[in-house]
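Just so it is clear, the structure is predicted and the values come from calculations on it, not from any experiment. Naming convention: chains lettered A, B, ... in sequence-line order (proteins, then strands); numbering from 1 in each chain.
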Protein chains: 2
Amino acid sequence: MYERKTPLTIDCGLHLTREVLNGKWKAALLNAISMDVKRPSEILRLLPGATRRVLNVQLKELEEHGMVEKKIYPQLPPKVEYSLTEIGWSLIPIIDAMNQWGDANRQFLETVITQDPKITQTSKSACQIHRRMAIDRKIV
Amino acid sequence: MYERKTPLTIDCGLHLTREVLNGKWKAALLNAISMDVKRPSEILRLLPGATRRVLNVQLKELEEHGMVEKKIYPQLPPKVEYSLTEIGWSLIPIIDAMNQWGDANRQFLETVITQDPKITQTSKSACQIHRRMAIDRKIV
DNA sequence: CAGAATCCACCAGGATACTG
DNA sequence: CAGTATCCTGGTGGATTCTG
C-alpha cells in the first residue's frame, strides 16, 4: 500500500467519474462488455495493443469499483465472463457519447492529434462492433 | 520528441475522445472555462491541488487540440483569458454528464473508491460553481 | 483458455525557484 | 499576474515467462 502525495479530490462528481474511468482501456472495456464481448479472449482480440495483463488489471479495478461482475465457470478449459452491473450500465450513455463525439469530429481530431506525433496506428474493430450493436440497442 | 512503443489506436471514436481528455485536469479545466472561470489565477484557485505548471501544460495541450483559445492582453500586469472553441463547447455535455453521474452515485463511489486507499480529501468548490452555472445554462 | 509473478521503461505531474 | 526551467518520484502499463 502506498499513499499519494497529493490526495485526490473526490467531492467533485467529475473527479469521481474520472477515477472510475482512469486507465487507458477502462472505457473501451466497458464498451466492449456492453456489446456482449464479455470473454477475456474476445476482448483481447477486440483490443489489439492491450496486453492480457493490463486488461486483467483494469478489469479487476472495474470489478472492485463495482462496474463489472466476473463470473468464473469452474471447468476445463477455464471460462470467464464479465458483465456490467447496474451502475456499470449507467455509464454506458456517457461512453456512447464519447464514442460518438470522437467519431463525429474524427476528421478534425485526427489532424490536430496526429500533429503531436504520439499517435500512429489503427484498429477499427471496436468501433464497427460498437455501431452495429448500438443500433441494436436503439441508441443510434 | 519520442516515440511510443505501442502506437495508440486512433480509429475508434472512444480513443480520440480519450486522447483529448487525457490528463488529470483536462475535463476540470474545460468545465471551469465553460463556467466562465477563464483567467489562470481563478482557475488555479478553483483547482487546489493543481500546480500552475501543470495547468499551463494541460491548457496548452487543450489549445493545441483546438478545444480552447487563449487570449493574451499585452498589458501590465499581464492578463490572460481562456475560452472554449466551438468544438470545445461540444464536449461540455459529456463533461456535464460525467459530473452528474459522479454526483448521482457519489455515495456508492466514495465507498468503493476509498477502499483502495488512494483517495483522501475534498474540494467542493468546482462543483458548487458547476451547479450554479449549470442552472444558468438551463442544464439542470 | 485464463491468470499470476517479475521486471522495467517511461512519462505525467508535483515541488520549487526564477523571470518579465 | 503569468510563464518557464529544473529536478524528481511513483505509478501505468508494456514485455516476458510460468502455472493450472
Side-chain angles (χ1 to χ4, degrees), chain A residues 1-9 15 18-29 33 37-63 68 70-82 116-121, chain B residues 1-9 15 18-29 37-64 68 70-82 116-121:
Chain A
M1 288 306 160
Y2 65 102
E3 188 128 15
R4 293 218 181 181
K5 280 233 210 78
T6 17
L8 301 184
T9 63
H15 289 307
R18 231 203 139 268
E19 199 58 29
V20 171
L21 254 30
N22 198 12
K24 191 168 177 180
W25 305 97
K26 292 273 183 73
L29 284 171
I33 296 173
V37 183
K38 45 176 56 172
R39 299 198 50 191
S41 49
E42 297 170 343
I43 299 177
L44 212 49
R45 230 173 302 130
L46 196 62
L47 303 175
T51 328
R52 186 179 236 103
R53 182 188 157 282
V54 174
L55 293 193
N56 281 339
V57 170
Q58 306 219 349
L59 281 167
K60 189 180 200 173
E61 283 182 22
L62 285 173
E63 195 188 357
V68 304
K70 179 179 188 174
K71 170 141 195 189
I72 302 176
Y73 297 83
Q75 60 181 40
L76 240 77
K79 179 179 172 183
V80 169
E81 279 186 358
Y82 289 92
D116 62 318
K118 310 176 192 174
I119 320 291
T120 328
Q121 209 209 0
Chain B
M1 287 309 159
Y2 66 102
E3 189 128 14
R4 295 218 180 183
K5 280 232 209 79
T6 16
L8 301 184
T9 63
H15 289 310
R18 232 204 140 266
E19 198 59 29
V20 171
L21 255 30
N22 197 13
K24 190 167 177 180
W25 305 97
K26 292 274 182 73
L29 284 171
V37 181
K38 45 175 59 170
R39 299 198 50 192
S41 49
E42 297 170 343
I43 298 177
L44 212 49
R45 230 174 301 130
L46 197 62
L47 304 175
T51 328
R52 188 182 234 99
R53 182 188 158 284
V54 174
L55 293 193
N56 282 339
V57 170
Q58 307 219 348
L59 280 167
K60 189 180 200 171
E61 284 182 21
L62 286 173
E63 195 188 356
E64 287 170 354
V68 304
K70 178 180 190 175
K71 169 141 196 190
I72 303 176
Y73 296 84
Q75 62 183 39
L76 241 77
K79 180 178 171 184
V80 169
E81 280 187 358
Y82 289 93
D116 62 318
K118 311 178 193 174
I119 320 292
T120 328
Q121 208 209 0

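- Here C:dG3 presents its C1' atom at 14 Å from CD1 of A:I43, a figure rounded to the nearest Å.
- Side-chain atoms of A:R39 and A:V80, non-hydrogen and from C-beta on, never get closer than 4.5 Å to each other.
- Across the protein-nucleic acid pair, B:H15 atom NE2 and D:dG13 atom P stand 12 Å apart, rounded to whole Å.
- The distance between atom CD of A:Q75 and atom C1' of D:dG20, rounded to the nearest whole Å, is 14 Å.
- Regarding B:L55, its CG atom lies at a distance of 12 Å from the C1' atom of D:dA2, rounded to whole Å.
- Rounded to an integer number of Å, the gap from CG of A:N22 to P of C:dA12 is 14 Å.
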Passes side-chain contact (heavy atoms from CB on, under 4.5 Å), B:L46 versus B:E42? Steps please. CA-CA 6 Å; B:L46 197 62; B:E42 297 170 343; over 6 Å; no
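- The phosphate of C:dA2 (OP1 or OP2) has a side-chain N or O of A:S41 nearer than 4.0 angstrom.
- Contact annotation: the side chain of B:L62 approaches that of B:K26 to within less than 4.5 Å [non-hydrogen atoms, C-beta and beyond].
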Identify each atom pair where a protein N or O and an N or O of nucleotides 3-6 of chain D are less than 3.5 Å apart, giving names and distance.
unit_1, atom_1, unit_2, atom_2, d
D:dG3, OP1, B:K70, NZ, 2.8
D:dT6, O4, B:R53, NE, 3.0

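- Note on the helix from C:dC1-D:dG20 to C:dG20-D:dC1: angle between the axes of the first and last five pairs equals 40°, rounded to 10 degrees.
- Judged by the 6.0 Å and 45° rule, B:K79 forms a cation-pi pair with B:Y73.
- Not counting sequence neighbours, the partners of B:E63 by the side chain to side chain contact (heavy atoms under 4.5 Å, CB included) test are B:V68, B:K70.
- The 5' end of DNA chain D is approached more closely, in terms of each residue's nearest nucleotide, by B:P78 than by the other of B:P78 and A:G23.
- With contacts defined as side-chain heavy-atom distances shorter than 4.5 Å, the pair A:L47/A:W25 qualifies.
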